[in-house]
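Below is one structure; the comments refer to it alone.
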Amino acid sequence: FGRGVVEAASMSRPALVTDRGGLPELVTDGVTGWVSPPDPASFARALRDAADPAEQVRRGREARQRYDERFTADRSLDVLHRVLDELASR
């Protein structure tokens, strides 16, 4: 699932992930973090880019906003209630 990415976002921290598996579904490259191909040269470039403090702050803010929109307990309860209401109406 990418729990570490979600926990980082909850603390306004952007993530650096490779473009394999499910993690790119949680990180938007250039917005909430960095998504890199897994080869060493590409990952090294992404690491250099991620070292920019201003970008860390900007992308961290975006990551927190996405966390608030999708992953808080209240949001999860809202989704659960909608699903249960839909099932009950069948």
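Position 1 is the first residue of the sequence, and the numbers go up from there. Computed over heavy atoms, backbone and side chain alike; hydrogens, waters and symmetry mates excluded.
Put simply, Y67 and V17 are part of the same group of oily side chains (I, L, V, M, F, W, Y) that touch within less than 4.5 Å, one to the next.
Among residues at least two apart or in separate chains, side chain to side chain donor-acceptor pair (under 3.5 Å) pairs with a member in residues 47-56 are E55-R58, E55-R59. The side chain to side chain donor-acceptor pair (under 3.5 Å) analysis of residues 31-42, with sequence neighbours excluded, yields the pairs D39-S42, S42-R45. Applying the side chain to side chain donor-acceptor pair (under 3.5 Å) rule to pairs touching residues 5-14 yields R3-E7, sequence neighbours excluded. For residues 81-90, the pairs satisfying side chain to side chain donor-acceptor pair (under 3.5 Å) are E86-R90, with sequence neighbours left out.
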Only pairs under 3.5 Å count here: list side-chain donor-acceptor contacts from residues 19-30, not counting sequence neighbours, and write none if there are none.
| from | atom 1 | to | atom 2 | distance (Å) |
| --- | --- | --- | --- | --- |
| T28 | OG1 | R66 | NH1 | 2.6 |
| T28 | OG1 | R66 | NH2 | 3.2 |
| D29 | OD1 | V35 | N | 2.9 |

Which donor-acceptor pairs under 3.5 Å do side chains of residues 70-80 form with protein atoms, sequence neighbours excluded?
| from | atom 1 | to | atom 2 | distance (Å) |
| --- | --- | --- | --- | --- |
| T72 | OG1 | R75 | N | 3.2 |
| R75 | NE | E69 | O | 3.0 |
| S76 | OG | T72 | O | 3.2 |

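Scored by the salt bridge (Lys or Arg N to Asp or Glu O under 4.0 Å) test, R64 finds D68 as partners (sequence neighbours excluded).
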